[in-house]
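Below, each value reflects all heavy atoms present in this structure, side chains not excepted, and no hydrogens, waters or symmetry copies. On a predicted model such as this, the values are computed, not experimentally measured, just so you know. Naming: A, B, ... by sequence-line order, numbering from 1 per chain.
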Protein chains: 2
Amino acid sequence: MSMKSKSTSELKASIHRVEEICKSNKLGLTEIRKQVFEIIVKNNKPIKAYEILDKIRNINNKPSHPPTVYRAIDFLIENGFVHKLNSINSFVGCFHPKAHKECYFLICKKCNIYQECCDDSLKDRISKTAIHNNFVISNTTLEIEGHCLDCSQK
Amino acid sequence: MSMKSKSTSELKASIHRVEEICKSNKLGLTEIRKQVFEIIVKNNKPIKAYEILDKIRNINNKPSHPPTVYRAIDFLIENGFVHKLNSINSFVGCFHPKAHKECYFLICKKCNIYQECCDDSLKDRISKTAIHNNFVISNTTLEIEGHCLDCSQK
DNA sequence: ATTGCAATGTTATAACATAACATATATTAT
DNA sequence: ATAATATATGTTATGTTATAACATTGCAAT
Ligand SMILES: [Zn+2]
Ligand SMILES: [Zn+2]
Ligand SMILES: [Zn+2]
Ligand SMILES: [Zn+2]
């Protein structure tokens with residue numbers, strides 16, 4: 001599979017899904033949280049907090065500050081709508097929220113597009129490794145950087 | 001296996017191994033680079049760049065600046081002697097440098113001790129996932145946070 | 001000696017993230 | 001409806017992590 005960006009309909013579905021989840025779970029999807037989520041998912045590449053901040057400022061045409069964005073990100077991460085890629089200090093939308101707690105990523109260094117790669121077999125393997133070490137997992141970061149098909153062919 | 005810290009002899013061996021590798025590969029293991037490596041490996045927990053900087057200042061009893069430490073870290077990472085844990089912006093020594101390009105980690109949130117967990121089966125599984133996605137890996141971050149045996153029993 | 005190169009020193013600043021407290025808005029209880 | 005409470009946002013300041021840019025040093029090759 002090449003790492004193409006998401007279609008408009010996929011984006012809409014993703015946004016709608018989050019709205020529904022928030023509604024049914026009584027989570028306050030406030031205007032800012034929604035704006036931040038939309039900015040993140042519409043960007044088909046990982047986006048940085050201060051880039052989000054710039055966009056928020058433009059949208060609302062008024063000053064906004066880092067805590068506003070970081071708080072919204074925290075909410076979105078806590079509820080599984082967004083992930084942080086620690087290796088590049090950037091944020092990405094989750095395209096199957098609530099399907100599982102964590103997602104694993106392929107990140108193309110050239111075109112910056114990312115893709116979730118949450119195999120069950122990979123998850124199992126990580127789980128077995130933890131068990132083998134008597135370790136209780138609370139969260140896992142798996143970020144695979146390299147080149148996607150398109151970029152490695154160029 | 002519980003996540004006990006390294007013994008003095010293990011530390012010495014680790015330092016000696018790096019010296020040998022540098023000698024045989026004509027890598028300039030300068031005084032600062034050596035100091036930084038020793039600080040990192042002797043700390044049995046992941047250590048932050050500015051903590052290293054403090055220690056360097058104390059050791060040499062003169063002002064030092066962030067670039068000094070970051071350059072040494074870069075050298076050590078490039079040569080596989082040290083790893084960065086992106087999820088906690090910290091650095092750890094590698095206890096089997098050159099054995100493989102990358103290491104995977106278990107990080108205890110409670111006691112902060114870490115452990116490498118570089119199963120071949122895990123590596124294979126990650127590799128297969130990449131192949132399945134037509135993705136060419138250049139580097140992988142796998143950081144499993146949670147609780148070690150000792151800490152989960154307390 | 002002069003040049004070239006690798007490493008380090010130094011100053012400044014960029015990039016990423018949070019503390020602390022004030023204000024506003026929404027929910028709930030009375 | 002009003003007050004009390006909790007939740008969310010605004011605002012200022014600062015903390016933390018990392019690098020750019022340029023000067024200086026030490027050493028080796030010609
Ligand atoms: Zn996801
Ligand atoms: Zn690509
Ligand atoms: Zn290692
Ligand atoms: Zn522990």
Expressed as a whole number of angstroms, how long is the span from [X]:[atom1] to [N]:[atom2]?
| X | N | atom1 | atom2 | answer |
| --- | --- | --- | --- | --- |
| A:L53 | C:dA15 | CG | C1' | 13 Å |
| A:D74 | C:dA17 | CG | C1' | 10 Å |
| B:L29 | C:dA6 | CG | C1' | 15 Å |
| B:R33 | C:dG9 | CZ | P | 11 Å |
| A:I88 | D:dA18 | CD1 | P | 15 Å |
| B:I73 | D:dT19 | CD1 | P | 10 Å |
| A:K48 | D:dT17 | NZ | P | 16 Å |
| B:I32 | C:dA7 | CD1 | P | 12 Å |

Taking for B:H65 and for B:L27 the nucleotide of DNA chain C with the nearest heavy atom, the one nearer the 5' end belongs to B:L27
Assert: residue with more 5' nearest nucleotide on DNA chain C, out of A:N89 and B:P66, is B:P66
Would you say [N] has OP1 or OP2 under 4.0 Å from some side-chain N or O of [X]?
| X | N | value |
| --- | --- | --- |
| A:R71 | D:dT9 | no |
| A:K26 | D:dT7 | no |
| A:K84 | C:dA17 | yes |
| A:T30 | D:dT7 | no |
| A:T68 | D:dG10 | yes |

- [ ] Would you kindly say whether A:S87 and B:N86 are connected by a side-chain donor-acceptor distance under 3.5 Å?
- [x] no
Check your understanding: Is NZ or CZ of A:K48 both nearer than 6.0 Å to the six-membered ring centre of A:F91 and within 45° of the ring axis?
Key -> no
DNA chain D nearest-nucleotide lookup for A:Y50 and B:A49: closer to the 5′ end is A:Y50
request  = Answer with yes or no whether B:Y70 presents, from its side chain, a donor or acceptor under 3.5 Å of a partner atom in the base of D:dA20.
outcome  = no
**Asked** Below 4.5 Å, heavy atoms only, C-beta onward: do B:S14 and B:F37 meet side chain to side chain?
**Response** yes
Are A:H83 and A:F105, when compared by the centres of their aromatic rings, separated by less than 6.0 Å?
yes
Heavy-atom nearest pair, B:I40 first then B:V92, reads CG2-C, 3.5 Å
